[in-house]
Visitor: 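Before anything else, here's the structure in question.
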Amino acid sequence: MAKLVLSFQGRVLEDFPLDKERVTIGRAADNDICIENLAVSGRHAAVETFQNDSYLVDLGSTNGTLVNGNPVTRHALRSGDYITIGKHSLTYHGLQRTAETDDEVEKTIAIRPAMRSAEAAPVALLGYLRVQNGGAAGREMVLSKAQTKLGKAGLQVAAISRRQQDYYLEHIEGQDGRTPTINGVQIGLQPRKLAHGDILEIANTRLGFELRPA
Amino acid sequence: MDENIRFRAFGITDIGQVREHNEDAIGLAIDQGYMVVADGMGGHNAGEVASAIAIDEIAHHLSFSDCPAPSADNAVYSPQTLHLRDAVIVANAAILDAAKQDDARQGMGTTVVAMQFTANRVAIAHVGDSRLYRFREGFLDQLTTDHTLVQEWLTRKLYTQEEARNAKNKNVITRALGLLEELEVDLLEELVRSQDLYLLCSDGLSGMLDDTEISKVLSKHGQEPETAAMLLLKLANMAGGKDNISIIIVCVDEVVAGQDDASDETLDWFD
């Protein structure tokens, strides 16, 4: 089993086997590896292990986490990596790779959400459209649906589809085969991914696209 | 199935070159317009039990239960998309039930990627790392986003593309049927065009062939789904066939434009 060896000023203090998916490091008493030193944050870092691979994650500590002298927020550990937390250090001793463990790695495994990192998921963003010209100028709508169709039959119709965090503009029909534009350029027949700040034109109406926290 | 879309489809699942079992399963119902690929996992033969249950339960739900009524609560997705989602959720419950009744099947699970045509759209539901691609006018577009640790870290920018390519933990998926009672299913709705090709596959294909190789086959043979699927299968096996390989190719011959062509918002923005 892989392990971390804790040392202080060159003296080895203790071995910690990485025997669960998440081993936490910090000053608070409920950490798996508790380091009572003021340079260490309450919840400083964690090591996540999946089969034979371990990953070090800094949990937003005040003084940071170094690996081989470089600050990291997340790092795939290699045997011999030297982790510095405050004035303490931890050395990572990984497993020897054998043909057998390599073969095992091929098999798909699924992890439960609880076993995943405790970091906050990225803030969900929602797309908004704001009309920039004509009588409806200033009006706004939120693009909450999987697909929103926009435009005027006979003139130009387009759809905006949501793929999880991303939005795509797609042509449906238009007079003389004209397609909607993004920042003045016709999009053609492939869906185009929208970026915050893009200006769309559909059926002669100009629309500003924005991504904002939901 | 709606008469608005005419299509041809062909599917195949293969054990590959290395594995002792085929834990994948596929389902196709041309008349109802749906296609499903499931990639099972779990000891002994539990993986193939899980994927088979998923295919059966999804088929059963789509055939015998009614589409949910449109309501303000689920205005985000069409009733057809929610119907597909519900089918996946029912399958999850069935797998958990089956696992409870047999110790040898503890911890079995499966991925699912499913699509169903509806009017001039396609509803898509997926969980895990089985994928749906669309090939349109020479351009291959991966519509689903894998539920893998590697993809998750890429999205959160904890991994660079380079690190993701070299990652050793590519096999870790973060969602699957059979894990928990609560299941989050990713849903998509896309417009369908004549000549579109859709490719559903397990990672036994996408892990062996890159997008360029897949595009090449689809652009040359996509109009003949069986030819294209058999060629992709052969190429994946030649590349090592390290996992089970499942492939469904759907070729859309015609989309009949319906009344579905105006703004569906009651917007006066475009007057």
Side-chain angles (χ1 to χ4, degrees), chain A residues 48 50-53 55 57 73-74 76 102-103 105-117 119 121-122 129 131 134-136 139 141 144-157 159 161-166 168 170-173 188-191 202-205 207, chain B residues 18 23 39 41 47 75-78 81 107 109 111 121 123 128-129 136-137 139 141 143-145 149 152-153 155-159 163 167-176 178-180 182 184 186-191 193 203 242-243 257 260-265 267-271:
Chain A
E48 296 180 356
F50 304 101
Q51 293 192 344
N52 302 316
D53 297 316
Y55 301 85
V57 193
T73 53
R74 181 174 282 261
D102 272 347
D103 190 47
V105 163
E106 295 281 316
K107 286 232 159 148
T108 303
I109 58 165
I111 55 171
R112 291 176 169 80
M115 287 158 61
R116 273 192 272 161
S117 161
E119 295 154 60
L129 287 180
V131 183
R139 303 261 294 278
M141 78 178 289
S144 58
K145 302 207 311 184
Q147 194 171 72
T148 305
K149 235 178 263 185
L150 300 160
K152 193 174 173 149
L155 183 55
Q156 193 168 62
V157 183
S161 311
R162 234 176 126 178
R163 296 189 197 167
Q164 272 58 58
Q165 288 274 349
D166 298 324
Y168 286 76
E170 184 175 359
H171 169 77
I172 298 180
E173 61 149 48
L189 298 179
Q190 292 287 349
I202 303 167
N204 300 328
T205 300
L207 305 161
Chain B
V18 176
E23 301 187 317
D39 175 355
M41 71 204 82
V76 173
Y77 297 106
S78 70
T81 306
T111 70
R121 301 183 192 196
D129 64 353
R136 177 181 289 173
E137 295 170 337
F139 183 75
D141 199 355
L143 299 180
T144 53
T145 306
L149 206 59
E152 211 171 279
W153 288 358
T155 308
R156 293 200 211 168
K157 300 194 166 56
L158 294 168
Y159 253 176
E163 283 176 305
K168 285 174 290 184
N169 58 339
K170 282 192 178 120
N171 58 324
V172 180
I173 62 175
T174 51
R175 288 192 215 172
L179 282 187
L180 295 170
E182 190 84 0
E184 197 184 343
D186 273 3
L187 302 173
L188 296 168
E189 288 171 18
E190 290 282 327
L191 291 167
R193 291 181 187 280
D203 64 339
K242 286 189 182 158
D243 202 347
D260 198 20
D261 54 2
S263 178
D264 55 8
E265 302 302 316
L267 290 178
D268 49 10
W269 294 4
F270 301 95
D271 291 333

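Worth saying up front: this structure is predicted, and the values here are computed from it rather than measured. Numbers restart at 1 for each chain; the letters A, B, ... are given by sequence-line order, proteins then strands.
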Visitor: Under a 4.0 Å N-O cut-off, is there an ion pair linking B:Arg175 with B:Asp186?
Guide: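 Looking at B:Asp186 together with B:Arg175, the answer is yes, because their closest N to O distance falls below 4.0 Å.
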Visitor: Let me know if B:Leu187 has heavy atoms under 4.5 Å from chain A in its side chain, its backbone, both or neither.
Guide: backbone
Visitor: Which atoms of A:Leu207 come close to chain B, meaning under 4.5 Å heavy atom to heavy atom: side chain ones, backbone ones, both, or neither?
Guide: side chain
Visitor: Can B:Arg136 and A:Gln190 be counted as having a side-chain donor-acceptor contact under 3.5 angstrom?
Guide: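 Result is no, nothing qualifies.
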Visitor: Identify which part of A:Ala136 has an atom lying under 4.5 Å from any heavy atom of chain B, answering side chain, backbone, both or neither.
Guide: side chain
Visitor: Can you tell me which of B:Glu182, B:Glu184, B:Met41, B:Arg193 forms the most heavy-atom pairs within a distance under 4.5 Å of chain A?
Guide: B:Arg193
Visitor: Taking all atoms of both residues into account, what is the closest heavy-atom pair of A:Ala203 and A:Leu155, and its distance?
Guide: CB-CD2, 3.8 Å
Visitor: State whether a side-chain donor-acceptor pair under 3.5 Å links B:Glu189 with B:Thr81.
Guide: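 Checked: B:Glu189/B:Thr81 side chains pair up, N/O donor to acceptor below 3.5 Å.
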